[in-house]
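Structure first, commentary second.
When reading the values below, keep in mind they use all heavy atoms of this one structure, side chains included, and skip hydrogens, waters and symmetry mates. Numbers restart at 1 for each chain; the letters A, B, ... are given by sequence-line order, proteins then strands. In this text, all values refer to a predicted model and were calculated from it rather than measured experimentally.
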2 protein chains.
Amino acid sequence: MTAVLVIEDDDRIRLALLLALEEEGYTAHGAATAEEGLRRQRENPADNVLVDLMLPGLDGFECIRQMRRDDDVPIVVVSARDDTHDIVAALEAGADDYLVKPVAIKELSARLRALRRRGRALVAPVPAQVFGDLEISPDAGEVRRAGQRVAVTRTEFRLLCELAEHAGRVLSRQQLLQRVWGYDTGDERLVDVHVGRLRQKIEADPANPRHLVTLRGLGYKLQR
Amino acid sequence: MTAVLVIEDDDRIRLALLLALEEEGYTAHGAATAEEGLRRQRENPADNVLVDLMLPGLDGFECIRQMRRDDDVPIVVVSARDDTHDIVAALEAGADDYLVKPVAIKELSARLRALRRRGRALVAPVPAQVFGDLEISPDAGEVRRAGQRVAVTRTEFRLLCELAEHAGRVLSRQQLLQRVWGYDTGDERLVDVHVGRLRQKIEADPANPRHLVTLRGLGYKLQR
DNA sequence: CAGTTTCATGACAGTTGTGTGACAAAACCC
DNA sequence: GGGTTTTGTCACACAACTGTCATGAAACTG
């Protein structure tokens, strides 16, 4: 069952969307403010999020940015404004699609389906991975070395998870920038720096890494 | 550099899109028919595909379906018709987004970026190739001889992969220069040097190579 | 068998790739 | 709002790699 969270302050529109979505076979929940939406999504993550741009308090753009910080859920903007500037800004903020009200429920449903189809390839359920004395639990957000909990930052964690998900496989700096940072383009040295910092934390001897190894000219990989 | 393929039969619109995309920093190519588009994408895959729905011959829907059979590239429909039924059908066929003409180039660019951010799955894993006691796994960026890991440089690795990909067939120095170095012209001796270095690493007796053999006057080949 | 072409290899200098510490801006947390 | 953590940029140093060249060996050719 696919769960959708609708963040929209107008009660009538929110209820109409919720009803229509349930009609289409989704489980739908609503939130009237960005803050409530963020909290709900943190506590009980939905598979898709619909968000209005005009919200009281925290606006839609900010809501998207904050949610994107630690959630990769597909976000669709549903706004009354059909304005290129808004569309671009929303997508820049991290939204995946932008629909103009009033929305045809069939179209919305088809777009949600398209987003999930594309998203699925990425999301590989990884319960917990073990690399020798290194242990990574993506769900718990924890990294352990020799049973001891290691504090890593969010970026380091995402980088590590990305490498772990494709364990044994080389990932180029470009691929990592794309998948961890979402950059299309950017300074590849950024990856080096974060790999370096990660090594300080997870390798017994950071100068001679056993797990997070460099393949000169190719990229990095995580091995057992 | 991000490459975009535009499949659109109207010359004026196609050219306008191509120009606008290049202005935005993309490399853009055009195709006037679905058939030409499919061929181009097969031979020289772009990172994004834009397709019109009204095409002579094979229509856009069919074009999308066929492309989806063996390509996961993000596909965006650019159509004159703003009709829920068309939108749903296009997304069902495998498109990832649907824009109504006339499109704002900034919006198009932002949507392409959002699609790429969502990311493509890594290409399917390539199984390791085995040549007797020699083992090459492109994914892991590793070469093994008799189970033992051998350190090879990037150029050597590419050269080896290229030879492995056409195992048993002779590749001329020109072909290797072209495929490994991307040189159209250059000193063929360069290949000799790298083949020599590679032999030192992967052959039990480098003076009498068993796998990476010379075919005098023709080139080199990799055999089992 | 002498001459010619083709190939292997060692040395070397210039280039490139990577690790790292310092630093400033941004985000975060009371 | 002030202090702390995290993030991204930069510059430098060092190690690894690349391409060129010279030399000699090996394989063809007539």
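A:Thr33 and A:Arg39 form no side-chain donor-acceptor contact under 3.5 Å, judged by distance and modelled atom types alone. Between A:Gln174 and A:Glu188, the side chains place a donor N or O and an acceptor N or O closer than 3.5 Å (distance only, hydrogens not considered). With hydrogens and angles left out, the side-chain atoms of B:Glu107 and A:Thr84 include no donor and acceptor closer than 3.5 Å. For A:His29 and A:Asn44, the side-chain atoms include no donor-acceptor pair closer than 3.5 Å. A donor-acceptor contact closer than 3.5 angstrom is absent between the side chains of A:Thr153 and A:Arg158.
Using a 4.0 Å heavy-atom criterion, one finds that B:Phe157 contacts no nucleic acid atom at all. Across all strands shown, A:Val193 has heavy atoms under 4.0 Å from base atoms, whether or not it also approaches the sugar-phosphate. Using a 4.0 Å heavy-atom distance criterion, A:Gly217 is classed as a sugar-phosphate-only contact.
Distance B:Glu188 CD to C:dC7 P: 8 Å, rounded to the nearest Å. Taking atom CG of B:Leu198 as the reference point, atom P of C:dG10 lies 15 Å away to the nearest angstrom. Computed from coordinates, the A:Leu190 CG to C:dA26 P distance equals 16 Å when rounded to whole Å. Atom CD in A:Gln174 sits about 13 Å away from atom P in C:dG17, given to the nearest Å. Summarising the geometry, the separation between CZ on B:Arg197 and C1' on C:dC7 is reported as 15 Å, rounded to the nearest angstrom.
To the nearest 0.5 Å, atom CG of residue B:Asp192 and atom CZ of residue B:Arg173 are 4.0 Å apart.
Residue order along DNA chain C, read from the 5' end via each residue's closest nucleotide, puts B:His194 first among A:Arg173 and B:His194. For A:Arg154 and B:Arg199, each mapped to the nucleotide of DNA chain C holding its nearest heavy atom, the one lying further toward the 5' end belongs to B:Arg199. Place B:Asp187 and B:Lys201 on DNA chain D by their nearest nucleotides, and B:Lys201 ends up nearer the 5' end.
B:Ala28 is linked by a side chain to side chain contact (heavy atoms under 4.5 Å, CB included) to B:Leu18, B:Leu21, B:Glu22, counting only residues two or more places apart in sequence or in another chain.
OP1 or OP2 of C:dG19 sits under 4.0 Å from a side-chain N or O of A:Tyr220. The side chain of A:Thr214 contributes no N or O atom lying less than 4.0 Å from OP1 or OP2 of C:dG17.
Between the side chain of A:Arg189 and the base of C:dG19 there is at least one donor-acceptor pair of N/O atoms closer than 3.5 Å.
Nearest nucleotide to the B:Asp192 side chain, out of C:dC7, C:dG19, C:dG21: C:dC7.
Nucleotides of DNA chain D that come within less than 4.0 Å of any heavy atom of chain B span, from the 5' end to the 3' end, D:dC17 to D:dC28.
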